[in-house]
Amino acid sequence: MSLFDLTGRWAIVTGANTGIGQAIAIGLADAGADIVGVGRSAMTETEEKVVSGGRRFLSTTVDLSLAGKAGDVIGEALASGATPDILVNNAGIIRRADALDFTEEDWDAVLDTNLKATFFLCQAFAKAAISAGRPAKIINIASLLSFQGGIRVPSYTAAKSGLAGLTKLMANEWAAKGINVNAIAPGYVETNNTTALRADAERSADILKRIPAGRWARADDMVGAAVFLAASASDYVHGTILPVDGGWLAR
Ligand code: NAP
């Protein structure tokens, strides 16, 4: 079997309707996986692409910022016949304001979605994988702000830095139980998440100048790393935060 073949595996991908989550869902399907899309918006386009490539697509509609939903997501996926093979925690939001003006609402919204929901999804998924006796892969979508401070995004930086730590903690606890927990840290990607940043001509030009690859990332630049971390090729890779950033962190 190819080191990168995902035939026969199910991948649960949160935020699969657009951006990085959509690209990863389609990319994992192209590598052979069937997909459970999880999100708060319709995932019609993703479903069409996955199904037209010959894979199955199930969807679960949920607002992940609400407490207690993570267990339901995994329970629903299992009840629909999916197995706990791969979990991609991609859903996330960002709120921008100076640290001096940052509100508690913007703090809670980002932490609830980007960190709390992710942890409890990992927990529910890991319990299911361990009780089924199945090896499994968790891929968290981190950020450059898992390594750097950034500006005007305090709750996002806290969440993504926390996610890097949690990825390592979960790897430490679950590696011997057959679960690989890793993360991808995308650089600057052209998605809804960065619309405001790209609309700011000065910030956008400053960012571009610093990217050794000389361009922003496209969502599908994340697919290779996701397939690697989902496949047997990465069986001995645990607790890593893999930057896919056009060289940004090397500068
Ligand atoms: P995006 O296009 O805004 O996609 C975010 C996804 O998360 C959407 O599907 C969104 O659904 C979903 N989502 C947000 N809140 C949710 C909630 N409460 N419940 C369920 N789903 C929710 O942004 P993206 O750039 O692809 O972001 C994907 C991930 O990559 C995020 O974790 C982000 O932090 C990370 N990231 C992005 C960049 C970048 O430069 N773009 C860089 C580093 C890391 P809706 O469409 O309904 O809002």
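For ligands, and for the atoms within them, numbers begin at 1 and follow the listed sequence. Nothing here was measured: the structure is a model prediction, and the numbers come from that model.
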Within a distance under 4.0 Å of any heavy atom of [X], pick out the atoms of ligand 1 and give their elements.
| X | answer |
| --- | --- |
| Asp63 | 17 (C), 18 (N), 19 (N) |
| Asn192 | 2 (O), 3 (O) |
| Tyr188 | 40 (O) |
| Leu64 | 17 (C), 18 (N), 19 (N), 20 (C) |
| Val62 | 19 (N), 20 (C) |
| Thr18 | 2 (O), 4 (O), 8 (C), 9 (O), 46 (O) |
| Ile141 | 29 (C), 30 (O), 35 (C) |
| Pro186 | 42 (C), 43 (C), 44 (C) |

Any nitrogen or oxygen of [X] lying under 3.5 Å from a nitrogen or oxygen in ligand 1? Just yes or no.
| X | value |
| --- | --- |
| Gly21 | no |
| Tyr156 | yes |
| Ile20 | yes |
| Ser143 | no |

With a 4.0 Å heavy-atom cut-off (strictly under), which part of Asn193 contacts ligand 1: side chain, backbone, both or neither?
both

Using heavy atoms and a threshold below 4.0 Å, how should the contact between Gln22 and ligand 1 be classified: side chain, backbone, both, or neither?
neither

Are any of the side-chain heavy atoms of Asn182 and Asn180 separated by less than 4.5 Å?
yes

Before accepting this row, confirm whether a basic side-chain N of the pair [X]/[Y] lies closer than 4.0 Å to the acidic partner's carboxylate O.
| X | Y | value |
| --- | --- | --- |
| Asp206 | Lys209 | yes |
| Arg251 | Asp245 | no |
| Asp34 | Arg56 | yes |

Considering non-hydrogen atoms of the protein only, which is the closest contact for [atom], and what is the distance?
| atom | result |
| --- | --- |
| atom 42 (C) of ligand 1 | Gly187 O, 3.1 Å |
| atom 40 (O) of ligand 1 | Val189 N, 2.8 Å |
| atom 13 (N) of ligand 1 | Ala91 CB, 3.8 Å |
| atom 29 (C) of ligand 1 | Asn90 O, 3.0 Å |

Please state whether Ala217 comes within less than 4.0 angstrom of ligand 1, counting heavy atoms only.
no

Report yes or no: does a heavy atom of Glu190 sit under 4.0 Å from some atom of ligand 1?
no

Give the minimum heavy-atom separation between Leu64 and Leu121, together with the two atoms involved.
CD2-CD1, 4.1 Å

Which heavy atom of Arg198 sits nearest to which heavy atom of Asn192, and what is that distance?
NH2-N, 4.5 Å

Distance-only side-chain donor-acceptor flag, Ser65 / Asp63, under 3.5 Å:
yes

Are side-chain N/O atoms of Asp106 and Ser155 paired as donor and acceptor at under 3.5 Å?
no

Using heavy-atom distances, let me know which of Ala142, Gly39, Ser146, Gly92 sits nearest atom 44 (C) of ligand 1.
Ala142

Verify, without hydrogens or angle tests, whether Ser146 (side chain) and Ala142 (backbone) share a donor-acceptor contact under 3.5 angstrom.
no

Is the backbone N or O of Gly150 less than 3.5 Å from a side-chain atom of Thr157, with the two atoms forming a donor-acceptor pair by type?
no

Does the pair Thr167 and Asn140 meet the rule for a side chain to side chain donor-acceptor pair (under 3.5 Å), with working shown?
CA-CA 7 Å; Thr167 297; Asn140 294 321; 3.0 Å; yes

Mind telling me whether Trp107 and Phe102 have parallel, tilted or perpendicular rings, with 30° and 60° as the class edges?
perpendicular

